[in-house]
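Only one structure is covered here, and it is reproduced in the block below.
Just so you know, these numbers come straight off a predicted model, no measurement behind them.
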Amino acid sequence: MASENQNTNVGREILRTLDKAKIQGYHFKTILIAGMGFFTDAYNLFSISTVARLLGRLYYYDPGLKSVGKLPPNVSAAVNAVALCGTLAGQLFFGWAGDKFGRQKAYGISLLLMIFTSIGSGLSFGASATGVMTTLCFFRFWLGFGIGGGYPLSATIMSEYSNKTTRGAFVGAVFAMQGFGILAACTVSIILSSVFDAAFHRPAFNVSPIRSTPPQADYVWRILFMVGAIPAAATYYYRNRLPETARYTILIAKNTKKAATDMEKVLGVHFETCHESEAAENSADSTEYGLFSREFARCHGSKLVGCAVAWFMLGVAFYSQNLFQSGVFSLVGWIPSARKMSALEEVFRIGRAQALIALVSTIPGYWVTVLLVDIIGRRLIQLQGFFFMTLCMLILTINHDEFMGQPCRTDSSKFCGGNHVAFIAVYALTFFFANFGPNATTFIIPAELFPARLRSTCHGISAASGRLGAIVGAFGFLYASQSQHEGRQSRGYPTGIGLRKSLFLLCTANCIGFIFTFFFVPETKGKSLEELGGEFEAKGENEDLRLMYCRGGEEKVLNIRL
């Protein structure tokens, strides 16, 4: 009994030490390791948008149509959305695996999967366009599956290593690596297209349709995808040197001895442990409620609904903008008509335009969140983000004709007149407030709200809900944003409701996200993870911590070891 009490006190002391730890080197090491995984996620997920048009030129050019080759609607939707479907499945699976087998072990498996499928995507094979696209979709599905693991595992690992004062900034910094991943995808596509264009320069399509796409351009998208394996491989090496989180080891694995050994290396603090009762130490408590219990529904059900719905609505709006922003650039004339460019020049211009958006709005939005999230709180940032995204979309909707002008007489697929600079400025602001808002906080909050034994699972469910929203955006808005007038829509697509009405739907999605955040998402700033998860609370600096559980809607105290 003495050894059990001693190890119980050691477990409590470890968690107290983590909550109060000053910013140290291990914090930045953890940010780098977890963040590079997220960097890789973003690179692999968004790189497709820079080369989707190149794939159409390479594999779907029909000389009889006398127009630039484009991916058919079903192929375009599949290529864009298949990785999102894989990500959704991966978020659910790896969220569960992180709680079942450990955060670090599950994270390692997801990284290995990303390494091999990134290479596989670049090596997609086939004797026909259908064969190449089929194998590409196969590898991108499993790439997405691996990417899915990065969401719950990166967030959970970082939150469990952080102190309670700067935890939001640390988890936000991990997520902010997504911005650099997007920028890296754009940069690599710019470099590759420039190098290949210098070596195999071709005229524009309207000068020579066949010669405008050199066969060597096929290497551009393949190399772009395979480069994504490099940061994943580097992250895997350093991940193996990072111990399991103390909160998993103490609260789930029930092994205080191992947690003390691991945290002594990390924190540089010695914890006195007793080794005589290891079997008792590793025993799980039978009264802990599960995900599908009434106790969980009463204590955490509304919080999970709030996190999931807010992330779903954010996914609809944010990914609709991200995946199809090249189409917006074309409409306002920032990217010339495809007929006036060669295939490699088009890749260069799309990459450059998307890099500009990342630099001026996406990345600054992430890092403003990192700077302010522990000062003004997660909930307020999420609310103001949804509010200003709604406002920006409303401005674009109301002033659509003034901003866009009228269809050009020489090319009805483009708009002439209007104020395109103002349109792009307001459009860019939606990215800024998405990232200084719900795109960052929906990632942070689920990693803090729930008990340790269900933390990764609940984050995975919330993230999967967001990915479902992204799938709705990828499939639905690709068709919905097509022109209402027959003959003005993209080739192969039916008429839609138009860009203006599509923007209004995005506005509505943001508004719903605001409402669910307001009513169902609590503030987590400055509180320990165990307090937020209802696992224990502290009554004073020198008093013991007590484990909590919820039954019948009321929190009760249990005398259970940590």
Side-chain angles (χ1 to χ4, degrees), residues 6-36 102-104 107 153-177 238-239 241-253 255-273 369-375 377-378 443-445 447-452 455-456 459 523-533 535-547 562:
Q6 182 179 352
N7 284 323
T8 299
N9 291 333
V10 170
R12 292 168 176 164
E13 186 59 32
I14 292 172
L15 298 184
R16 285 194 188 102
T17 303
L18 282 170
D19 273 338
K20 298 176 182 178
K22 295 180 180 179
I23 298 176
Q24 301 178 38
Y26 80 88
H27 286 122
F28 296 105
K29 181 179 179 180
T30 308
I31 289 172
L32 184 62
I33 293 172
M36 283 305 296
R103 286 70 159 114
Q104 296 292 9
Y107 189 39
L153 298 173
S154 294
T156 302
I157 288 169
M158 193 67 246
S159 70
E160 292 184 346
Y161 263 106
S162 302
N163 62 56
K164 64 182 181 181
T165 305
T166 58
R167 184 179 60 239
F170 288 160
V171 180
V174 169
F175 190 73
M177 295 298 288
Y238 288 105
R239 181 216 63 84
R241 306 182 67 180
L242 189 71
E244 182 59 84
T245 69
R247 286 184 163 93
Y248 177 87
T249 308
I250 295 170
L251 297 170
I252 301 176
N255 193 336
T256 305
K257 172 187 171 183
K258 184 177 186 303
T261 301
D262 289 341
M263 290 305 102
E264 283 174 1
K265 298 176 183 177
V266 170
L267 298 170
V269 177
H270 180 65
F271 300 100
E272 290 291 341
T273 59
T369 299
V370 171
L371 291 173
L372 297 179
V373 69
D374 288 310
I375 298 175
R378 294 78 155 132
F443 179 80
I444 297 170
I445 294 172
E448 301 176 308
L449 272 181
F450 304 102
R455 183 170 295 132
S456 180
H459 194 286
E523 182 55 70
T524 59
K525 181 185 72 170
K527 299 178 181 179
S528 73
L529 293 178
E530 289 68 41
E531 180 184 356
L532 290 165
E535 291 171 296
F536 62 68
E537 64 177 3
K539 294 297 184 182
E541 182 68 24
N542 298 316
E543 294 184 34
D544 284 342
L545 298 171
R546 301 184 297 167
L547 279 174
L562 293 178

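Residues satisfying the side chain to side chain donor-acceptor pair (under 3.5 Å) test with Arg167, not counting sequence neighbours, are Glu448. Arg103 pairs by the side chain to side chain donor-acceptor pair (under 3.5 Å) definition with Asp99, Glu160, not counting sequence neighbours.
Atom CD of Glu523 sits about 7.0 Å away from atom CD1 of Ile445, to the nearest 0.5 Å. Taking OG of Ser162 as the reference point, atom CD1 of Ile157 lies at 11.5 Å (rounded to 0.5 Å). Once rounded to the nearest 0.5 Å, the distance linking CG of Asn255 with OH of Tyr248 reads 10.5 Å. Between Thr156 atom OG1 and Arg455 atom CZ the span is 7.0 Å, to the nearest 0.5 Å. Atom CD1 of residue Ile250 and atom OG1 of residue Thr245 lie 9.0 Å apart, to the nearest 0.5 angstrom. For the atom pair Ile444 CD1 and Phe170 CZ, the distance stands at 12.5 Å (nearest 0.5 Å).
Checked by atom type and distance alone, the side chain of Thr166 never pairs as donor or acceptor with a backbone atom of Ala169 at under 3.5 Å. Remark: side-chain polar atoms of Thr261 are paired, donor with acceptor, to backbone N or O of Lys257 under 3.5 angstrom.
In plain terms, the two heavy atoms of Ser159 and Leu529 that are nearest each other are O-CD1, 3.4 Å. Considering all non-hydrogen atoms of both residues, Leu242 and Gln104 come closest at CD2-NE2, 3.2 Å. In terms of heavy-atom proximity, Ala34 sits nearest to Ser154 at O-OG, 3.4 Å. Considering all non-hydrogen atoms of both residues, Thr256 and Ile14 come closest at O-CD1, 4.4 Å. Residue Leu18 comes nearest to Tyr26 through the heavy atom pair CD2-OH, 3.9 Å, listed as atom of the first residue, atom of the second, then distance. What you find for Ala176 and Val370 is that their closest heavy atoms are CB-CG2, 4.3 Å.
Under a 4.0 Å N-O distance rule, the pair Asp19/Arg247 qualifies as a salt bridge.
Counting only heavy atoms from C-beta outward, the side chains of Tyr161 and Lys29 never approach each other to under 4.5 Å. In this structure, the side chains of His27 and Asn163 come closer than 4.5 Å at one or more pairs of heavy atoms. Contact of the Glu530 side chain with the Leu251 side chain is registered, since non-hydrogen atoms from C-beta on lie closer than 4.5 Å.
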Verdict with supporting geometry, Phe28 and Ile23, side chain to side chain contact (heavy atoms under 4.5 Å, CB included): CA-CA 8 Å; Phe28 296 105; Ile23 298 176; 3.4 Å; yes

Walk me through it: do Thr17 and Met263 pass the test side chain to side chain contact (heavy atoms under 4.5 Å, CB included)? CA-CA 10 Å; Thr17 303; Met263 290 305 102; over 6 Å; no

Could you go step by step and tell me if Lys525 and Val373 meet the side chain to side chain contact (heavy atoms under 4.5 Å, CB included) rule? CA-CA 8 Å; Lys525 181 185 72 170; Val373 69; over 6 Å; no

With ring pair (Phe, Tyr, Trp, His ring centres under 6.0 Å) as the test, would you mind laying out the steps for Phe443 and His459 before giving the verdict? CA-CA 8 Å; Phe443 179 80; His459 194 286; 5.3 Å; yes

Run the side chain to side chain contact (heavy atoms under 4.5 Å, CB included) test on Leu32 and Tyr238 for me, step by step, so that the C-alpha distance in whole Å, both residues' side-chain angles and the decisive distance to 0.1 Å come before the verdict. CA-CA 9 Å; Leu32 184 62; Tyr238 288 105; over 6 Å; no

